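Just below is one structure, and these are the notes that go with it.
In this text, all values refer to a predicted model and were calculated from it rather than measured experimentally. The first residue of the sequence shown is numbered 1, and numbering continues consecutively from there.
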Amino acid sequence: MINFRAVLLILIQVFSVHSFPDADIPKVGLKVMSLEVEKESLIYQGTDKFRFENSKFYGFAVRRGAPFNISVELNREIDLSKVEFGVSADNSEDVIFNFVTCHGIDTEKEPNEGFFYILEITTEADDPIGRHLDFALNVGDEGEKTIFTYPFPIYVLFNPYNSKDSAYMPDPEVRQSHLETEVSAYFQGEASDVEVDQWYFAQYEPIMLEAVFYLIEEAECNATV
């Protein structure tokens, strides 16, 4: 009489120790799971003060002519010596987002978590400022390609910290008073009776960027009509 229980146990042991060749294991399709700018890059560029969090406006702002890093999460590991990256935006005829380099992050991952890589991106110092939609990351790995579109705008601003920028401000005090401070004093009244009050510029409120670039884009449209 055949002991089916014993046979089953033997089969389980055989298959559990059997080493299948890698060629028999299907390759997982490459997919970008998420993309976000690194906070350290925004601090370096002085754009971390723009308050996109906890508002209906999202995205991030960068200074032209300065590199910034984005963290990309993929669903599987890639060979950086073979992979190709590309970045683009809706109106990239004027502003070109240039891919510089990429490296992986050596961190311990929990099961089912993705693989993270840091991409360095930059623009030219003479690129026009603008609001860019549909920022797309293209990843190619041995013939397989995937595209991830960032769903929020990226604002490219002039760079007063870069000597190659036409809007360069070499004096730190001038930058502080004209650009960085959120509150300043203003005077009103007559020469014999002057009152001093405070003015809140609100330049770091997200709606300010939207308002400024809306006016710029409207002016450009009207100029071409």
Side-chain angles (χ1 to χ4, degrees), residues 34-71 89-98 120-135 150-225:
S34 65
L35 180 155
E36 63 179 73
V37 66
E38 287 210 310
K39 185 72 173 180
E40 291 75 10
S41 293
L42 303 183
I43 294 174
Y44 170 75
Q45 296 198 14
T47 58
D48 60 302
K49 295 180 180 179
F50 288 101
R51 292 179 277 271
F52 293 101
E53 299 85 358
N54 302 320
S55 75
K56 65 178 181 180
F57 299 99
Y58 296 94
F60 61 90
V62 295
R63 301 284 182 187
R64 62 186 181 185
F68 62 95
N69 292 341
I70 57 176
S71 173
D90 56 346
N91 49 354
S92 57
E93 308 87 18
D94 295 327
V95 173
I96 305 298
F97 291 94
N98 300 305
E120 182 179 346
I121 312 294
T122 190
T123 57
E124 301 296 332
D126 57 354
D127 280 338
I129 63 173
R131 176 180 58 175
H132 300 277
L133 306 174
D134 299 327
F135 176 83
Y150 186 68
F152 309 113
I154 297 177
Y155 304 89
V156 177
L157 312 179
F158 69 92
N159 194 342
Y161 309 96
N162 188 343
S163 60
K164 296 180 180 179
D165 195 303
S166 58
Y168 175 56
M169 296 180 179
D171 190 335
E173 292 186 2
V174 173
R175 289 202 304 265
Q176 172 65 26
S177 62
H178 285 70
L179 193 76
E180 298 170 350
T181 184
E182 295 185 72
V183 180
S184 183
Y186 73 92
F187 305 88
Q188 60 181 358
E190 301 176 356
S192 59
D193 184 19
V194 179
E195 295 182 359
V196 182
D197 207 341
Q198 288 188 329
W199 185 275
Y200 177 57
F201 297 124
Q203 74 269 35
Y204 295 119
E205 298 295 336
I207 194 173
M208 297 301 288
L209 284 178
E210 280 292 307
V212 167
F213 283 110
Y214 171 79
L215 294 175
I216 292 175
E217 291 165 6
E218 284 294 304
E220 291 175 346
C221 290
N222 294 334
T224 58
V225 174

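In terms of heavy atoms, Tyr161 sits closest to Glu180 at OH-OE2, 2.7 Å. Here the closest non-hydrogen pair linking Ser166 and Arg64 is OG-NH2, 3.5 Å. For Asn159 against Ala66, the heavy-atom pair with the smallest separation is ND2-CB, 3.7 Å. Summarising the geometry of Arg175 relative to Met169, their closest heavy-atom pair is NH1-O, 2.7 Å, with the distance given to 0.1 Å. Pro160 and Arg63 make their closest contact through CD-NH1, 3.9 Å (heavy atoms, listed as atom of the first residue, atom of the second, distance). Closest approach of Ala125 and Asp165 over heavy atoms only: O-OD2, 3.7 Å.
A donor-acceptor distance shorter than 3.5 angstrom exists from the side chain of Thr123 to the backbone of Gly65, with no hydrogens or angles considered. Side-chain atoms of Gln203 come within 3.5 Å of backbone N or O of Thr181 as a donor-acceptor pair.
Expressed to the nearest 0.5 Å, how far OH of Tyr168 lies from OG of Ser163 amounts to 5.5 Å. Taking CZ from Phe158 and CG from Asp126, the interatomic distance works out to 16.0 Å, rounded to the nearest 0.5 Å. Distance CG/Leu209 to OH/Tyr155: 6.0 Å, rounded to 0.5 Å. How far CD of Glu217 is from CZ of Arg131: 4.0 Å, rounded to the nearest 0.5 Å. To the nearest 0.5 Å, atoms OG1 (Thr122) and CG (Asn98) are separated by 6.5 Å.
The side chain to side chain contact (heavy atoms under 4.5 Å, CB included) test applied to Gln188 returns Tyr186, Glu195, not counting sequence neighbours. Taking Glu40 as the reference, Glu38 meet the side chain to side chain contact (heavy atoms under 4.5 Å, CB included) condition, with sequence neighbours excluded.
Side-chain contact between Phe68 and Phe97: present, with at least one pair of heavy atoms (C-beta onward) separated by less than 4.5 Å. Inter-residue side-chain proximity for Glu120 and Ser41 is flagged as unmet; no heavy-atom pair is nearer than 4.5 Å. With a 4.5 Å cut-off on side-chain heavy atoms, Ile216 and Ile129 count as touching. The shortest distance between side-chain heavy atoms of Leu157 and Phe213 falls below 4.5 Å. Using a 4.5 Å heavy-atom threshold, the side chains of Leu42 and Phe50 count as separate. When side chains are defined from C-beta on, Val156 counts as touching His132, because their heavy atoms get closer than 4.5 Å.
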Legend entry - Glu124 vs Lys164, salt bridge (charged side-chain N to carboxylate O under 4.0 Å, His left out): CA-CA, chis, key distance, verdict: CA-CA 9 Å; Glu124 301 296 332; Lys164 296 180 180 179; over 6 Å; no
Inset, instruction - Evaluate the side-chain contact (heavy atoms from CB on, under 4.5 Å) criterion for residues Met208 and Phe201: first the C-alpha distance (whole Å), next the side-chain angles of each, then the deciding distance (0.1 Å), finally the verdict. - result: CA-CA 10 Å; Met208 297 301 288; Phe201 297 124; over 6 Å; no
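Other residues, nucleotides and ligands contribute at most 12 non-hydrogen atoms within 6.0 Å of the OH atom of Tyr214. Within a 6.0 Å sphere centred on CD of Gln176, heavy atoms belonging to other residues, nucleotides or ligands number more than 12.
For Phe60 and Tyr150, the gap between ring centers is short of 6.0 Å.
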